Amino acid sequence: MLVGGLQKYLNFFLKLIEIMGRCILLTSGKGGVGKTTLTSNLAATLSKMGYETLAIDANFTDPNLGIHLGTHLVTKTLHDVLRGDEKLENVIYTHPLGFKVIPGSLSINALKNINYKKLSSIILKLLSKFDFILLDSAAGLGEETMSAMDSVGEVLVVTNPDLPSVTDAFKTIKYAEKKNKKVIGVILNRVKKNQYELDEKELSEMFGVPIIGSVPEDISIAKSIHKKIPVVHIDSNSPAAKEIRKIAHKIVGKHYYETEKEGVFGRLLKLFGK
Ligand code: ADP
Ligand code: MG
């Protein structure tokens, strides 16, 4: 965690650099809510939309972005760079879907001698090269999440629509705001629309930030993880994939139209970049 003065300086610098690229942390209070699934799929979507995109595994203890993306067998990882054993350029891999990935190491020894705080300087070096850098965070507010949060300008909070996840998400939002990070919004994931789920409108009021997406519970996510291919590619017409595309459009501030339903009006709007 950075001390007040240094954090303010870094925030100022991140804001200046934002004109070159946006760096967004996908985080959560509770674990297992869908951060890695959303990071991999948003990276694939933003890349397909024509943005230079990089996905970084900033979950140092349980890095499984590589497993979601099929880049888990690489020998050089972010851990090596954080340890000072490898050059940054050697751990940036190109995914077959066009975006770049920096995976973490799955080895149990990988955490030895790594310096979390190096992440900020890594991001500063990379921001000018990308339109979007997405960081897949660990859950909770431990040291590694805090280091990752220190390194970004913007935060997306992922939660499931149940009380334990939502309570922890609330804490994460408050922490991010205290750190002067821009909380873009909350993504509700694994939404089943049953009577036990918390209401979207009430949640948005409670969080004080918009709910920018509501991704349904969808079996195609399990299939996509099994195949190690983002759902937006392998099952692009699944309900989850459609919602993830909508979220990506909200992040970039563009309207989203389903290609097959967009009609003349939608195509005209697209033509004028709306
Ligand atoms: P986190 O990174 O927050 O720990 P993951 O992205 O690894 O969470 O997701 C945890 C599990 O939840 C994964 O096994 C994935 O298959 C499942 N999952 C995530 N989102 C959905 C969804 N919308 N529908 C069905 N299963 C999902
Ligand atoms: Mg994860």
Side-chain angles (χ1 to χ4, degrees), residues 24-45 55-72 77-79 101-106 110-111 116 119 134-142 144-149 152 155-162 164-173 176 185-194 196-198 200 211-248:
I24 305 173
L25 179 74
L26 281 97
T27 190
S28 70
K30 193 170 170 295
V33 294
K35 297 175 295 296
T36 307
T37 304
L38 285 159
T39 306
S40 58
N41 280 284
L42 285 171
T45 308
I56 301 180
D57 200 333
N59 185 340
F60 309 124
T61 36
D62 291 307
N64 44 36
L65 182 65
I67 299 177
H68 282 239
L69 292 171
T71 55
H72 54 298
T77 67
L78 180 60
H79 286 81
V101 194
I102 303 185
S105 166
L106 294 172
L111 284 174
Y116 297 153
L119 189 63
L134 304 182
L135 264 72
D136 180 22
S137 153
L141 290 173
E144 58 183 310
T145 308
M146 289 179 182
S147 299
M149 200 165 315
V152 301
V155 174
L156 268 171
V157 178
V158 183
T159 183
N160 299 148
D162 58 59
S165 321
V166 161
T167 311
D168 295 349
F170 185 75
K171 272 198 321 211
T172 304
I173 293 167
V186 170
I187 301 176
L188 293 181
N189 186 35
R190 307 198 73 160
V191 175
K192 301 180 192 80
K193 293 218 183 290
N194 64 36
Y196 307 112
E197 286 181 350
L198 300 168
E200 200 175 312
I211 306 285
I212 72 155
S214 180
V215 183
E217 175 76 21
D218 190 337
I219 187 70
S220 44
I221 299 270
K223 174 180 158 191
S224 100
I225 294 172
H226 177 74
K227 301 253 182 205
K228 304 187 186 68
I229 302 170
V231 73
V232 288
H233 185 71
I234 197 173
D235 260 332
S236 64
N237 279 320
S238 62
K242 285 180 182 169
E243 185 63 17
I244 291 166
R245 279 199 295 276
K246 270 189 210 163
I247 296 170

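Keep in mind that what you see is a predicted model, and the values were worked out from it rather than measured. All ligand and atom numbering here is 1-based and tracks the order in the structure.
The protein heavy atom nearest to atom 4 (O) of ligand 1 is G32 N, 3.0 Å. Of the protein's non-hydrogen atoms, G34 N, 3.0 Å is the one closest to atom 8 (O) of ligand 1. Of the protein's non-hydrogen atoms, the one nearest atom 2 (O) of ligand 1 is T36 OG1, 2.8 Å. Looking only at protein heavy atoms, the nearest one to atom 3 (O) of ligand 1 is K35 NZ, 2.7 Å. The protein heavy atom nearest to atom 7 (O) of ligand 1 is H68 NE2, 3.6 Å. Among all protein heavy atoms, the one lying closest to atom 24 (N) of ligand 1 is D218 N, 2.9 Å. Among protein heavy atoms, atom 9 (O) of ligand 1 sits closest to T37 OG1, 3.7 Å. Given atom 15 (C) of ligand 1, the protein heavy atom at minimum distance is I225 CD1, 3.3 Å.
For the pair V186/I173, a side-chain contact is recorded, criterion being any heavy-atom separation below 4.5 Å from C-beta on. Considering only heavy atoms from C-beta on, E243 comes within 4.5 Å of S214 through its side chain. Side-chain contact between D57 and L78 is absent, with no heavy-atom pair separated by less than 4.5 Å. Looking only at side-chain heavy atoms (C-beta outward), R190 and V33 stay at 4.5 Å or farther from each other. Side-chain contact check for P63 versus H79: some heavy-atom pair is nearer than 4.5 Å.
Closest to atom 17 (C) of ligand 1 by heavy atom, among R190, K223, E217, is R190. Counting only non-hydrogen atoms, the option in G31, S224, P216 that gets closest to atom 23 (N) of ligand 1 is P216.
D218 places a side-chain N or O within donor-acceptor distance of the main-chain N or O of A240, the cut-off being under 3.5 Å. Although no hydrogens or angles enter the test, the distance criterion places a donor-acceptor pair under 3.5 Å between the side chain of S224 and the main chain of I229. Of the possible polar contacts, one joining the E197 side chain to the K192 backbone as a donor-acceptor pair under 3.5 Å is found. N41 places no side-chain N or O within 3.5 Å of a backbone atom of A44 that could act as its donor or acceptor partner. Checked by atom type and distance alone, the side chain of S40 pairs as donor or acceptor with a backbone atom of T37 at under 3.5 Å.
Each of the atoms 19 (C), 20 (N), 21 (C), 22 (C), 23 (N) of ligand 1 lies under 4.0 Å from some heavy atom of N189. The V33 neighbourhood of ligand 1 comprises atoms 1 (P), 3 (O), 8 (O), with distances under 4.0 Å to a heavy atom of that residue.
Using modelled atom types, one finds a donor on one side chain and an acceptor on the other under 3.5 Å when comparing T27 with S137.
Among the backbone and side-chain atoms of T39, none of the N, O or S atoms lies under 2.8 Å from the Mg ion (ligand 2).
Contacts between V158 and ligand 1 below 4.0 angstrom, taking non-hydrogen atoms only, are absent altogether. When non-hydrogen atoms are compared, ligand 1 lies under 4.0 Å from the side chain of I221 (C-beta onward) but not from its backbone.
Ligand 1 has no nitrogen or oxygen under 3.5 angstrom from a nitrogen or oxygen of S28.
Distances from ligand 1 to the non-hydrogen atoms of A240 include no value under 4.0 Å.
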